[in-house]
Amino acid sequence: MTDRRSTAGGQRRLLEVTDKSTIATNVVSLTFRDVDGGRLPEWTPGSHIDLHLPNGATRQYSLCGNRWKPGEYRIAVLKEGHGRGGSDFIHQHVNVGDRLAIGGPRNNFAILPAQHYIFIAGGIGITPIIPMIDHVRRLGARWELLYGGRTRESMAFLNTLQGDNITIFAKNEHGRMCLRRELEKRSQDSTRVYCCGPAEMVSDAAAAVRSVGRARFHSEHFSAKSPPNRLNDREFDIHLARSGKTLLVTAGSSILDVARGAGVVVLSSCETGTCGTCETGVLAGVPDHRDSIHDDPDAVSDIMYICVSRSQSPHLTLDL
Amino acid sequence: MPICDDDPFATDVLLDPHAFYSKVREMGDVIWLSRYRAYMIGRYAPVRNALEDWQRFSSSAGVGIEDFETTGHDRSLTLEEDPPFHDASRAVFSHVLSPRSLQKLRDSWFDTADGLVQSALHIGTVDAVAALAQPLPVAVIPQALGVGGSGQECLIPYADYMFNSFGPENDLRRASSVGQEDRAAWVTAQLELNKLAESGIGGDIWAASQRGLVDPDDAHLMVRALLAAGMDTTVHGLGSLLYALASHPRQWEALRRDPALASVAFDEAIRWESPVHRFFRKTREPVRIGDVTIPANVKVLLLFASANRDARRWSEPSEPEAFDLARNPAGHVAFGMGIHQCVGQHVARLEASALLHAMVTRVRSIEMAGDVTRNLNNSVGGWASIPIQITGC
Ligand code: HEM
Ligand code: FES
């Protein structure tokens, strides 16, 4: 049996593509596993990962796989067709066997308790909704899905979505769905509405929920800043204010390892950025938060988790 | 597959648990526990793997010996739930018990610990359990939860029974059930949510339920769970720490010379003598470990306290039986590991740092002044008394 600590420690996480398949017009699904075949960090429905692409782009994709398969992440990517950027690169150049760096998972779209849910998905916005449906089904809550798209062929996961509580609106067959009417029919006081899709649809849905007056509305909060590209980790200096040491953190080591190696006593536990034990005050510099503790790490910018997080600036001053 | 006919809940085992654990570790990765028709794991790597693998090692049939899916008894919130049921209450617990949220308690806990250490110094020869390890949690935990008033001492036997009830229906469990109804009634009375101080952790949980983050009925159970989970565990954890320091004079000296070692002292103490000895899981599918396959739908006893003494993992810089502040205790499973890893760990560490701070500031020497007596319990381990002699600076 191996010493599990050797797998952690600030390495960026490299995932290998194990499957790439077309699941709808212009939509591919990618499945990843850890290059060492281990468990991937835990996630909950609504979570996304950052994908750091070799062309320098970083893109966020909702996880749409199954939490009961701990060694696997799955995403679905719509080709946006501008010829450049993230999604086209993935469609054209990413293949089974490739290795990509990822960040996260983080969740800015967590599903909260309710007796009744209405999910509204537009196009590729179905991706976070898929694990949400699985989640509420297991909880035994009541739920309904309103899923709109251009044509049936363009709508991913249709074959897995069947039942009286699912309404499909293909624009070429039925025209657009009238969200207000649909919500009026379905909303109850205990309803939570989870909506993901094009920006215009999300704001229409929010307005419709407001005007119907029952139910609570949820959509994904995107963080203001896009994460740095982590395709290659860079080295940086740390200055430890209390012990007066300045140390170099190389690409292959973590702040925790380096501080400990220099004789500073620091406590850690999980070493995967989940338990919070290694929380350290940041006195100067800009951390690159890689923990899964805070869904919006910029909201708590004066602390960081040094078992996994690194630095965006060349120097970081820490309260150690 | 190795077979163990011993009873891990027998008094002689509980009196000398480490002798039993080292025998279990020598037998193999997975052992058949004939008496209870269950499996047992005592080595570090497979215990840790099982703790992380919630998909196959489920908590929702109960983390005690009883299989709730057969008996139909209710499981407890959070601790005995798998995702997706685990998610909502765990998220609220993580938030209200984060290091950041606990910061506001720091000064008053440091003062309380300082007062207790001063009183103990005044007497000189004391029982470290009665003078320090017990009064600190009794003073700070219920208050932090917002449970005021008097009578908090009854929480110790209250939780002692709860932890016994994860084990079989033995004498220990029966004896500790005496008076439990009255204690449970006291707890229920305190938990009338309008009695909870708004500023406390209980109030924070109540507020989270008002925001829809957890069901209001669950909020009540969550505060109750903290009263049970946060008392005896920390009493025994602080007991481990005091016993470790009193019985290892060179480590105490090292700590006095370099107070920065305090940050690892508590975790090393609960690696060395773990308050939570064992919990069960139930397999959801067959699991192969080495050359043994555990079938689906059986209970598996995970020996946390044994994993923390496995020489396959803990041989640096000294053998696992040594309490050694030069060791990096990261990765110990005294708090568990994975999605159920103790959500109160920052609370426990804050109590420990309050106590250590007071000790390092005020105490010159701490020595054993007699033999320790173990507190017997089906799931948690610790001491009923630790006679020590302390002198001031
Ligand atoms: C030294 C002190 C403590 C020790 C050794 C300890 C140990 C543990 C362990 C081993 C678990 C995991 C159980 C499992 O995997 O089945 C756990 C879970 C838990 N602990 Fe602690 N604990 C301590 C203090 C506390 C305190 C102070 C609190 C609350 C204020 C607390 C609240 C909890 C809760 C709510 C859980 C369930 C978490 C979940 O299932 O997600 N514990 N604890
Ligand atoms: S050690 Fe757990 S978050 Fe860093």
Side-chain angles (χ1 to χ4, degrees), chain A residues 1-5 8-9 38-39 42-45 66-71 107 110-115 131-132 134-141 190 192 216 218 242-243 256-257 260 263-272 274-280 293-295 300 302-303 307 320, chain B residues 29 43-46 48-49 52-56 82-91 94 97-100 209 211-215 218 258-268 284 289-290 310 312-313 325-326 328-335 337-339 341-343 345-346 349:
Chain A
M1 297 272 172
T2 50
D3 176 351
R4 302 289 297 266
R5 284 183 311 158
R39 290 178 67 88
E42 303 290 342
W43 60 282
T44 45
N66 179 347
R67 285 165 88 189
W68 277 260
K69 291 186 179 165
N107 196 341
I111 185 151
L112 299 174
Q115 262 114 53
M132 286 186 181
D134 178 56
H135 181 92
V136 304
R137 205 183 247 155
R138 287 174 188 266
L139 287 173
S190 62
R192 288 187 189 273
R216 278 169 289 188
H218 302 268
R242 273 191 275 156
S243 43
L256 179 70
D257 293 342
R260 202 174 262 155
V264 179
V265 186
V266 258
L267 184 67
S268 62
S269 174
C270 69
E271 301 193 349
T272 56
T274 52
C275 74
T277 303
C278 67
E279 184 178 296
T280 300
I293 297 165
H294 295 289
D295 291 319
V300 280
D302 56 342
I303 51 172
C307 61
L320 276 180
Chain B
D29 277 335
R43 292 182 181 171
Y44 177 79
R48 176 161 177 169
N49 288 341
E52 291 180 331
D53 187 358
W54 57 263
Q55 286 91 348
R56 295 193 295 173
D82 296 336
F85 297 92
H86 179 253
D87 298 358
S89 61
R90 172 77 195 197
S94 300
L97 300 174
S98 71
R100 181 129 297 214
S209 78
R211 300 212 318 274
L213 304 181
V214 279
D215 197 288
D218 288 352
D258 181 6
L261 290 173
S263 67
V264 289
F266 181 62
D267 278 66
E268 170 61 0
R284 291 292 172 211
I289 299 175
D310 185 355
R312 293 164 193 78
R313 170 64 180 80
L325 294 177
N328 170 10
H332 72 69
V333 292
F335 286 127
M337 204 45 86
I339 62 167
Q341 196 193 19
C342 182
V343 76
Q345 61 184 289
H346 310 297
R349 291 202 186 100

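Protein chains get the first letters and strands the later ones, always in sequence-line order, with residue 1 at the start of each.
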Novice: Between A:Arg192, A:Arg242, A:His135, A:Glu279, which shows the greatest number of heavy-atom pairs under 4.5 Å with chain B?
Specialist: A:His135
Novice: Can you tell me which of A:Pro45, A:Ala114, A:Cys278, A:Ser268 forms the most heavy-atom pairs within a distance under 4.5 Å of chain B?
Specialist: A:Ser268
Novice: Run the ring pair (Phe, Tyr, Trp, His ring centres under 6.0 Å) test against A:His294 and tell me which residues pass, sequence neighbours left out.
Specialist: A:Tyr305
Novice: Pair A:Glu271, A:Arg260 - check salt bridge (charged side-chain N to carboxylate O under 4.0 Å, His left out), show working.
Specialist: CA-CA 13 Å; A:Glu271 301 193 349; A:Arg260 202 174 262 155; 3.4 Å; yes
Novice: Against chain B, label A:Thr274 side chain, backbone, both or neither, depending on which of its atoms sit under 4.5 Å from a heavy atom there.
Specialist: neither
Novice: I want to check something: taking the side chain as every heavy atom from C-beta on, are A:Pro113 and B:Asp215 in contact at a cut-off of under 4.5 Å?
Specialist: no
Novice: Does CD belonging to A:Glu42 count more than 12 external heavy atoms closer than 6.0 Å?
Specialist: yes
Novice: I'd like to verify something: which residue of B:Met337, B:His332, B:His346, B:Arg43 has the highest number of heavy-atom pairs under 4.5 Å with chain A?
Specialist: B:His346
Novice: Tell me, please, whether A:Trp68 has B:Arg284 positioned over its six-membered ring: NZ or CZ under 6.0 Å from the ring centre and within 45 degrees of its axis?
Specialist: no
Novice: Side chain, backbone, both or neither: which part of B:Arg349 has a non-hydrogen atom closer than 4.5 Å to chain A?
Specialist: side chain
Novice: For B:Val343, is it the side chain, the backbone, both or neither that has a heavy atom under 4.5 Å from a heavy atom of chain A?
Specialist: neither
Novice: Hey, which of B:Asp267, B:Leu325, B:Asp258 has the most heavy atom pairs under 4.5 Å with chain A?
Specialist: B:Asp267
Novice: Is a donor on one side and an acceptor on the other found under 3.5 Å between the side chain of A:Arg39 and the backbone of B:Glu52?
Specialist: yes
Novice: Of the listed residues (B:Asp53, B:Ile339, B:Leu261), which shares the most heavy-atom pairs with chain A below a 4.5 Å separation?
Specialist: B:Asp53
Novice: Can you confirm whether A:Cys275 sits close enough to B:Phe335 that some side-chain heavy atom of one is under 4.5 Å from a side-chain heavy atom of the other?
Specialist: no
Novice: Under a 4.5 Å cutoff for heavy-atom pairs, which residue among A:Thr277, A:Leu112, A:Thr44 has the most contacts with chain B?
Specialist: A:Thr277
Novice: Output yes when a side-chain donor or acceptor of A:Ser269 lies under 3.5 Å from a complementary backbone atom of A:Leu267, and no otherwise.
Specialist: no
Novice: Let me know if A:Ser243 has heavy atoms under 4.5 Å from chain B in its side chain, its backbone, both or neither.
Specialist: neither
Novice: Heavy-atom distance under 4.5 Å to chain B: side chain of A:Arg67, backbone, both or neither?
Specialist: both
